[in-house]
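Here is the structure we will look at.
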Amino acid sequence: MPLAGIGDIIASSPAGVGAFNVIQLEHATGIVAGAEALGLPVVLQISENCVRYHGALAPIAQASLAVARAAAVPVAVHLDHATRRTLVEEAVELGLGSVMFDASALPDEENVRATAEVAAYCHARGVWVEAELGEVGGKDGVHAPGARTKPHEAVDYVARTGVDALAVAVGSSHAMTTKDAVLDLGLIAELHAAVPVPLVLHGSSGVPDETLAAAVRQGMKKINIATHLNKAFTGAVRDYLAGDEKAVDSRKYLKAGRAAVTREVEHLLRILNG
């Protein structure tokens, strides 16, 4: 199947779109297997932290693109939380159809200027752009679930930057390993009514299933999930090795991790499309 565009996936989906972070090839194949089992589209995301882990973008990006092209369902490959324009430019050159440029740590005016420049660069090359207004907590281990995006500021930011989607702060936090985040569903509805582009929920791993479903009903469109899959993957590998202390073939325990990812993706996609 030809590589899918994230904009097309979002536009054609009546419900929430699952966007899952890839760490290694087993994540990519496990995520796609879960989407194929349900016949639903999916987004493979590669973060700047993942790029740093691999030492370069090209190896994991090219592997993910190959998995996406071989899939039986539409799969988009997306650069997540890029803080460097050079990384965005490399992603575009490699063929990724969408990027998330994260200038949220900059002062407001610098954020707007840098994001608008990246959006113009990407749009000239047919690439879709997501950005973030007001830092969603949890990066580098710091949780800030009290952060909130103001609707009028979000509208102004989208107008001034020209981005195609906006990540908003509504109570979630990155890197959570427990599902006890409390989302402001009323604010999500306000943002959905006011902001003319799709809304993105970052830090979704810490959100209970029923709240994720409610967030989608209130207007969240792209749902980013990373830590939850890493927790499932690691737990399955740990269980496998505990049950076979003589295991040395990494394919066997990584297969267990991949299968756990597939199960969780199936479950989460059902929640987002319920």
Side-chain angles (χ1 to χ4, degrees), residues 1-47 50 60-81 91 94-100 128 130 164-165 167 179 198-205 207-210 212-213 215-217 220-237 254-274:
M1 178 173 288
L3 192 66
I6 194 171
D8 293 335
I9 288 177
I10 288 176
S12 63
S13 175
V17 174
F20 301 98
N21 280 60
V22 170
I23 303 297
Q24 51 205 15
L25 182 58
E26 286 78 11
H27 283 81
T29 53
I31 291 164
V32 169
E36 288 177 330
L38 299 180
L40 291 171
V42 76
V43 180
L44 299 179
Q45 301 198 141
I46 301 167
S47 71
C50 177
I60 190 64
Q62 290 170 341
S64 296
L65 288 166
V67 171
R69 292 189 180 104
V73 295
V75 178
V77 182
H78 174 75
L79 179 66
D80 184 40
H81 277 295
L94 287 169
L96 274 68
S98 59
V99 303
M100 188 269 181
W128 185 96
E130 173 189 336
D164 303 292
K179 285 184 170 290
L199 301 178
V200 184
L201 183 65
H202 285 224
S204 305
S205 292
V207 181
D209 289 349
E210 61 274 15
L212 275 182
V216 170
R217 290 194 297 271
M220 278 295 176
K221 196 65 180 180
K222 176 173 174 277
I223 310 298
N224 288 14
I225 298 173
T227 301
H228 180 72
L229 294 190
N230 291 337
K231 183 178 176 182
F233 186 99
T234 302
V237 170
L254 291 177
K255 183 178 180 180
R258 181 177 63 191
V261 166
T262 296
R263 289 192 297 272
E264 292 305 315
V265 167
E266 285 188 52
H267 170 75
L268 289 163
L269 288 178
R270 286 192 179 97
I271 296 298
L272 301 181
N273 289 271

Return the [atom1] to [atom2] distance between [X] and [Y], rounded to the nearest 0.5 Å.
X	Y	atom1	atom2	answer
Asn230	Ile225	CG	CD1	11.5 Å
Arg217	Leu212	CZ	CG	10.5 Å
Asp209	Leu268	CG	CG	6.5 Å

What's the shortest heavy-atom distance between [X] and [Y], and which atoms?
X	Y	result
Ala260	Ala236	CB-CB, 3.7 Å
Ile23	Cys50	O-SG, 3.7 Å
Val77	Ser98	O-OG, 3.9 Å
Pro74	Ala4	CB-CB, 3.8 Å
Val75	Ala68	CG1-CB, 3.6 Å
Ala33	Thr262	CB-OG1, 3.7 Å

State which residue, out of Leu96, Val32, Leu25, Leu44, fulfils the side chain to side chain contact (heavy atoms under 4.5 Å, CB included) condition with Ser64.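 With Ser64 as partner, Leu96, Val32, Leu25, Leu44 yield a single side chain to side chain contact (heavy atoms under 4.5 Å, CB included), made by Leu44.
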Qualifying residue, where the test is side chain to side chain contact (heavy atoms under 4.5 Å, CB included) with Leu40 and the options are Val73, Leu269, Leu272: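 Only match with Leu40 under side chain to side chain contact (heavy atoms under 4.5 Å, CB included): Leu269.
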Can you list the steps and then say if Glu130 with Ile6 is a side-chain contact (heavy atoms from CB on, under 4.5 Å)? CA-CA 10 Å; Glu130 173 189 336; Ile6 194 171; 5.6 Å; no
Show the atom names and distances, to 0.1 Å, of all donor-acceptor pairs under 3.5 Å that link a side chain in residues 9-20 to residues at least two apart or in another chain.
residue, atom, partner, partner atom, Å
Ser12, OG, Asp8, O, 2.9
Ser12, OG, Ile9, O, 3.2
Ser13, OG, Ala15, N, 3.3
Ser13, OG, Ala15, O, 3.3

Using the test salt bridge (charged side-chain N to carboxylate O under 4.0 Å, His left out), find all partners of Glu210 that sit at least two apart in sequence or belong to another chain.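 With sequence neighbours excluded, Glu210 shows a salt bridge (charged side-chain N to carboxylate O under 4.0 Å, His left out) to no residue whatsoever.
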What's the verdict on side-chain contact (heavy atoms from CB on, under 4.5 Å) for Gln45 and Asn21, showing C-alpha distance, side-chain angles and the deciding distance? CA-CA 4 Å; Gln45 301 198 141; Asn21 280 60; 2.9 Å; yes
Hey, does [Y] have a side-chain heavy atom less than 4.5 Å from the side chain of [X]?
X	Y	answer
Arg270	Leu38	yes
Leu254	Arg258	no
Met220	Leu199	yes

Worked verdict on Val67 versus Ile31 for side-chain contact (heavy atoms from CB on, under 4.5 Å): CA-CA 10 Å; Val67 171; Ile31 291 164; over 6 Å; no
For Asp80, does its backbone N or O pair with a side-chain atom of Ser47 as donor and acceptor, under 3.5 Å?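 No, the answer is negative, given that no donor and acceptor are paired below the 3.5 Å cut-off.
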Short question: side chain of Glu36, backbone of Ala72 - any donor-acceptor pair under 3.5 Å?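 Looks like yes, one N/O pair under 3.5 Å.
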With sequence neighbours left out, write down each residue that passes side chain to side chain donor-acceptor pair (under 3.5 Å) with Asn224, or none if nothing qualifies.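 Applying side chain to side chain donor-acceptor pair (under 3.5 Å) to Asn224 gives His202, Lys222.
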Once the angle between the rings of Phe233 and His27 is folded into 0 to 90°, is it parallel (under 30°), tilted (30 to 60°) or perpendicular (over 60°)?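 Parallel: the ring planes of Phe233 and His27 meet at under 30°.
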